[in-house]
Amino acid sequence: MNTRIDVLRPGLFTTIQDGGRWGWQSHGVSVAGPMDPVAFRVANALVGNSRDCAALEVTLTGPTLRFDGPRAVAVSGAVFELFVDDAPVTNAERFVVPRGGTLRFGQRITGARAYLAVAGGFNVPVVLGSRATHTPSRLGGWHGRALASGDELQTGSAMAASPQTSARTPELRTPYASSIRIMPGPDHVDFAGDALTVLTRAAYVVGVDSNRTGFRLGGAPVPRRSADDQLSDVTAIGSLQVPTSGQPILLMADRQTTGGYPRVATVISADIGVAGQAAPGDVLAFELCSATQARAAMVDLERQLAAMEISR
Amino acid sequence: MTAPFRIVDAGDAVLIVAFEPVWDEAVNAHAVAAAAALRQASLPGVRDIVPTYRSVGIHVEPLQTLQPLRDAISRIVAAATAMTTESRPPIEIPVCYGGVFGPDLRDVAAFAREDEAAVIERHVARTYRVGMLGFMPGFAYMTEVDARIAMPRRAVPRTRVPVGSVGVAGAQTGIYPFESPGGWQLVGRTPVRICDFSKPDPFLLSPGRLVRFHPIDEDSFAQLAEETA
């Protein structure tokens, strides 16, 4: 059974994302996928979806959506006021929007990006193995773009929503960790000796021209040894690359597959979602960690997520 | 034939097989061969393999333990033989040069201190090799352009480059698979679809493939464009 969802108001930048378009970076295809993979996975788990099911990523200002059938829904990540037909509902909990009901996002309280999962996911064409939207190349999702008023989304098939349960997620972490953990990047030796010290001592403001491709960070310049950029090399999500200005750029979900700026550090996998919750104007602090600590953090995070997925 | 490489971590979910950080056809051939061998090996926990001019990126599942993977990668790359001679025939790409299709041909001619016909002749004379793809889906960086016409990128990029535009940027030449912003010197345009997502393999160009261009006139361009539409 499918449900049609009408977009009455799209919100600032709402896109369909799934686990990402992996496997085609050799042909210049960006991965895309959620900016906060943890919140994305929580939202899907709450409505009983598989972990990579297509959901909406909501940015700073949320949408208003009308459902033509009853549907189980969950919103996780950034905390917004949420209303179903003007009655408040709660973040990080499963609720049901009735037939003809309207789900409205109100004020944003914390975080930058929320994930709205519906039971059965969103049914858009699969492009190169994924439903994720990559707006710079107009690929995937809803016609390769952010939602607009008047769009008519379809959910995937799911059992009819049963209105009784309300699973509450454990608090995985605060939306803003005190700092984001990084490992020295592949080119850190090409920087002046104190580059990593500068990066971890200073605070960096997320610039207004930041987006899903990357965050432009303003703060103490990271000293480079040379003004020359390098021959294009592999990029990673979480890569902190430094143009000649010394102001780092944090590469995020929509990053290009290759790049020529030297990479001073990489945000660890467990903390990508923390960065993904930063809005323009927010301040980021970085903390060095070892490969062992990075792995331990990921194992711990995975244990919490898996426990939540089983307990449902 | 092997080339020296090291395995570098880029965070906890990407390993990079780093060859010498220079543009060199032999180095690139090693990267392309290494990527193919790694793909063939279907290593557990690997979700993307990305050859560049001088390296191969291996994106892994975040929970993958890296040390066994490093060992396996090291073994496979050391055994991979670079195919310096590509066995497949070059892909032939028709290009309508100059005019509205190649608005920068005149500038490239001025750069080369030759006439436009001579620039076209130099551009079609060579067989190019796809060193890597990047920038956008299907965009292939091809080398090596005749030094005489190897004009650097435009100082101010265009906000809109039409689909199929053929450009030069220093020693590289490339084709825009989609309309996009871009800074390459546009010498012509091809009616051939470089990237078609309705096909199971959407990409005409892949790392290591050889490419040749040949000139066509505006009538042929219109006719071919109609056939491929």
Side-chain angles (χ1 to χ4, degrees), chain A residues 19-31 37 125 127-128 134 136-140 144 181-187 189-190 230-240 256-260 263 265-272 289-295 297-299 301-302, chain B residues 8-18 20-24 27-28 32 35-36 39 46-67 131-141 177-181 195 197-198 201-207:
Chain A
R21 190 166 283 108
W22 292 97
W24 291 97
Q25 288 182 79
S26 57
H27 288 77
V29 180
S30 296
V31 177
V127 181
L128 300 179
H134 185 252
S137 61
R138 298 189 285 275
L139 207 60
R181 287 165 287 187
I182 54 173
M183 290 167 62
D187 307 312
V189 293
D190 297 334
Q230 50 183 22
L231 193 61
S232 275
D233 196 9
V234 175
T235 61
I237 188 167
S239 206
L240 276 158
Q256 290 186 8
T257 53
T258 59
R263 303 146 295 180
T266 317
V267 172
I268 67 170
S269 300
D271 286 356
I272 288 292
C289 89
S290 68
T292 311
Q293 289 167 318
R295 180 169 167 74
M298 199 60 213
V299 168
L301 180 59
E302 179 63 28
Chain B
V8 183
D9 293 6
D12 58 347
V14 178
L15 296 173
I16 299 174
V17 178
E20 222 186 319
V22 293
W23 182 81
D24 178 285
V27 169
N28 178 239
V32 172
R39 203 175 290 278
V46 170
R47 51 184 182 179
D48 225 336
I49 294 168
V50 194
T52 72
Y53 276 133
R54 44 67 170 250
S55 64
V56 184
I58 298 125
H59 294 253
V60 305
E61 304 280 353
L63 280 173
Q64 188 65 35
T65 45
L66 295 183
Q67 196 47 50
M132 61 182 272
L133 289 92
F135 172 52
M136 69 163 87
F139 189 96
Y141 295 88
F178 300 98
E179 182 185 307
S180 85
C195 188
F197 290 117
S198 66
D201 183 1
F203 301 103
L204 182 65
L205 305 172
S206 288

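Naming: A, B, ... by sequence-line order, numbering from 1 per chain. Note that the structure is predicted; figures quoted are calculated from it, not measured.
Only the backbone of B:Q64 has a heavy atom closer than 4.5 Å to any heavy atom of chain A. Contacts of A:L139 with chain B are made by side-chain atoms alone, with heavy-atom separations under 4.5 Å and no backbone atom involved. Within the 4.5 angstrom heavy-atom criterion, no atom of B:P177 approaches chain A. For chain A, no part of B:L66 is nearby; none of its heavy atoms comes within less than 4.5 Å. A:V127 touches chain B through its side chain: at least one heavy atom from C-beta onward sits under 4.5 Å away, while N, CA, C and O do not. Heavy atoms closer than 4.5 Å to chain B are found in both the backbone and the side chain of A:S232. B:R47 touches chain A through backbone and side chain together, each having a heavy atom under 4.5 Å away. Using a 4.5 Å cut-off between heavy atoms, B:S180 does not touch chain A at all. When heavy atoms are compared at a cutoff of 4.5 Å, A:L128 approaches chain B solely by way of its side chain, counted from C-beta outward. With a threshold of 4.5 angstrom between heavy atoms, B:F197 approaches chain A through side-chain atoms but not through N, CA, C or O.
Chain A forms more heavy-atom pairs under 4.5 Å with one residue of B:P51, B:A10, B:G138, B:A18 than with any other, namely B:A10. Options B:L63, B:T65, B:T52 differ in how many heavy-atom pairs under 4.5 Å they form with chain A, and the most are formed by B:L63. Per-residue heavy-atom pair counts under 4.5 Å with chain A were compared for B:V14, B:V56, B:L133, and the maximum is reached by B:L133.
Side-chain contact check for A:V29 versus B:F203: some heavy-atom pair is nearer than 4.5 Å. For the pair A:H27/B:P202, no side-chain contact is recorded, criterion being any heavy-atom separation below 4.5 Å from C-beta on. No side-chain heavy atom of A:S26 sits under 4.5 Å from any side-chain heavy atom of B:M132.
The side chain to side chain contact (heavy atoms under 4.5 Å, CB included) search around B:V46 returns B:L43, B:I49, B:I58, B:V60, B:L69, not counting sequence neighbours. Here B:D9 pairs with B:R70 under the side-chain hydrogen bond (donor to acceptor under 3.5 Å, both in side chains) rule; sequence neighbours left out.
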Please report the C-alpha distance between B:R54 and A:Q230 in whole Å, then the side-chain angles of each, then the deciding distance to 0.1 Å, and finally whether the side chain to side chain contact (heavy atoms under 4.5 Å, CB included) criterion is met.
CA-CA 11 Å; B:R54 44 67 170 250; A:Q230 50 183 22; 3.8 Å; yes
From CA spacing to verdict: side chain to side chain contact (heavy atoms under 4.5 Å, CB included), A:T257, B:F135
CA-CA 7 Å; A:T257 53; B:F135 172 52; over 6 Å; no
